[in-house]
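In what follows, a single structure is set out as structure tokens and then discussed.
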Amino acid sequence: MTASFPPGFLWGAATAAYQIEGAAQEDGRTPSIWDTFSHTPGNVAGGDTGDIAADHYHRFRDDVRLMAELGLGAYRFSVSWPRVQPTGRGPAVRRGLDFYRALVDELLAHGIQPLPTLYHWDLPQELEASGGWPERDTAHRFAEYAGIVAEALGDRVETWSTLNEPWCSAFLGYGSGVHAPGRTDPVAALRAAHHLNLAHGLGAQALRSALPARARVAVSLNPGAVRALTRSPEDLDAQRQIDALATRIFTDPMLHGRYPADLLADTARLTDWSYVHDSDLAVIKHPLDALGINYYTPTVVSAATDNEPPRRDGHGASEHSPWPAADRVAFHQPPGDLTAMDWSVDPTGLYDLLMRFTREAPGLPLLITENGAAYEDKPDAEGAVHDPERIAYVHAHLAAAHRAITDGADVQGYFLWSLMDNFEWAYGYEKRFGAVHVDYATQARTPKSSARWYAEVARSGVLPTE
Ligand code: IFM
């Protein structure tokens with residue numbers, strides 16, 4: 001049995017600025033929180049930094065040519081805020097914007113639709129010095145930056161995304177501290193979550209007022225596919241708590257203009273949420289044209305028992321939890337084969353999320369803005385890279401997406417994470433998510449067998465039998 005995807009379905013791949021661009025100190029770019037964090041010993045495996053990364057800043061024309069060879073119809077990338085507006089305030093740097101203009105032009109010249117994301121975690125360091133995401137002003141700064149990029153690229157970009165995975169920015173950045181800026185304060189994490197929501201709303205408004213009417217505004221979230229270990233009331237309550245902190249803290253304000261009452265109650269001993277101003281929720285509920293869903297693996301939780309083993313929530317090792325006020329929740333390894341991240345392979349989580357948002361936001365188009373897996377890919381004696389596990393992973397997740405479409409979900413595109421191997425945040429270059437292998441010593445690109453396989457799926461719009 002083969003599965004055909006709808007005509008016009010977007011077949012894409014995704015990357016992010018800090019993970020591939022390099023050129024960290026060129027053309028006026030100043031440090032982001034990830035430059036500072038990765039240059040601080042002990043934060044990133046192997047002491048790796050994004051200084052050079054995959055050198056995409058200098059090689060983007062070759063990379064776009066490769067995308068075209070692979071038959072991609074769309075490319076999701078992120079704009080580096082400190083490259084465009086180095087201090088996070090004031091006028092833009094022309095050379096920074098020129099890079100993205102040239103990238104977009106190159107994509108369009110090859111028939112590839114550009115989908116920029118405005119914020120994929122690289123906050124200008126100066127804004128962190130002024131308090132970062134826990135401070136309200138950062139949301140206003142983001143809106144100003146969104147307007148600058150919209151003015152520069154608005155004539156040639158149709159679909160925009162404001163933020164990527166604000167959960168990670170808030171809770172890994174300010175809660176567990178495994179991501180930049182490495183703070184470990186649960187209240188700061190909750191404040192950051194609200195100000196990221198506000199940034200999304202203000203940013204969406206800024207995009208709308210600068211862009212032509214045909215433009216589409218989206219956001220990319222990583223909602224949790226959270227499962228309870230058993231059907232006991234205690235385990236179901238653990239599931240409810242984590243669902244609120246992983247997903248509803250973003251989707252309730254964005255889709256419904258409210259914070260979940262259970263979230264406010266669960267976190268009441270930490271914060272009174274007085275940083276949510278009266279008009280904020282109406283701003284955050286700015287109408288979306290598409291919802292981006294990033295999905296990798298499910299989460300399994302139960303009520304904690306005494307002598308609980310260390311947390312296994314797949315979000316890195318830290319003695320500080322990224323889950324504010326959820327001290328009585330235990331995390332378990334979900335069943336299934338593991339990727340190199342130790343994330344279990346379970347495409348039903350993707351299906352469940354697509355159906356959840358189909359029910360929750362009828363009529364809102366969905367984009368799978370990230371999905372993929374890291375494996376230990378190595379070139380063989382001939383220099384070829386065979387990655388059958390990645391083909392199996394992507395195949396299974398595309399089959400889940402197809403099933404959701406058949407069941408009524410309006411899924412309009414799939415973006416493989418990632419186009420090429422890159423800087424995997426606190427794991428450095430050790431984890432390889434790319435369909436294209438990067439030899440970091442030479443910067444040679446070698447499409448893995450999954451890239452060839454995906455190219456054929458993209459070309460035909462048909463998922464073959466395994
Ligand atoms: O590499 C990241 C990406 O930046 C955001 N989503 C998850 C990916 C894999 O961890």
Side-chain angles (χ1 to χ4, degrees), residues 12-22 32-35 37-38 43-45 48-50 53-54 56 75-81 115-123 161-173 176 178-180 196 218-225 246-247 250 291-299 313-318 322 338-345 349-350 353 367-377 387 389-390 393-394 397 414-436 438 450:
T15 63
Y18 191 71
Q19 294 180 273
I20 64 164
E21 282 180 4
S32 73
I33 52 176
W34 266 98
D35 295 85
F37 187 79
S38 64
N43 283 341
V44 174
D48 292 346
T49 73
H56 172 75
Y75 174 54
R76 173 175 178 253
F77 60 96
S78 80
V79 176
S80 160
W81 189 347
L115 275 88
T117 296
L118 291 172
Y119 185 72
H120 198 127
W121 308 353
D122 44 0
L123 186 72
S161 179
T162 53
L163 309 176
N164 181 70
E165 300 182 1
W167 185 86
C168 298
S169 302
F171 295 106
L172 301 182
S176 65
V178 297
H179 279 190
L196 283 152
V219 62
S220 288
L221 304 178
N222 55 331
T247 305
F250 300 106
L291 176 64
I293 293 178
N294 296 357
Y295 172 79
Y296 291 87
T297 189
T299 302
D313 62 2
H315 293 298
S318 166
L338 298 182
T339 69
M341 299 293 284
D342 279 346
W343 294 349
S344 78
V345 179
L350 177 61
L353 288 171
L367 292 168
I368 299 165
T369 39
E370 281 183 29
N371 176 243
Y375 289 106
E376 283 170 19
D377 311 313
D387 55 345
E389 306 98 326
R390 182 170 291 102
Y393 180 99
V394 176
H397 287 77
Y414 176 91
F415 291 79
L416 179 63
W417 185 272
S418 177
L419 172 68
M420 59 180 132
D421 293 337
N422 58 51
F423 177 78
E424 177 52 25
W425 307 113
Y427 296 89
Y429 295 100
E430 195 182 288
K431 305 291 180 200
R432 293 180 176 269
F433 273 92
V436 173
V438 176
S450 62

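Remember, it's 1-based here, ligands and their atoms both numbered in the order they're listed. As the structure is a prediction and not an experimental result, all values here were calculated from the model.
Near ligand 1, Q19, H120, W121, N164, E165, Y296, W343, E370, W417, E424, W425, F433 each place a heavy atom less than 4.0 angstrom from the ligand.
Between D377 and R390 there is a salt bridge, since at least one side-chain N of the basic residue sits less than 4.0 Å from a carboxylate O of the acidic one.
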* **CA sep, side-chain torsions, deciding dist, call: S318, S176, side-chain hydrogen bond (donor to acceptor under 3.5 Å, both in side chains)** => CA-CA 6 Å; S318 166; S176 65; 4.9 Å; no
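For F77 and H56, the distance between ring centers is not under 6.0 angstrom.
Y296 and T339 are not linked by any side-chain donor-acceptor pair at a separation below 3.5 angstrom, with hydrogens and angles left out of the test. In the model, Y18 has no side-chain atom that pairs as donor or acceptor with a side-chain atom of S78 under 3.5 Å.
Residues passing the side chain to side chain donor-acceptor pair (under 3.5 Å) test with N43: none are found, sequence neighbours excluded.
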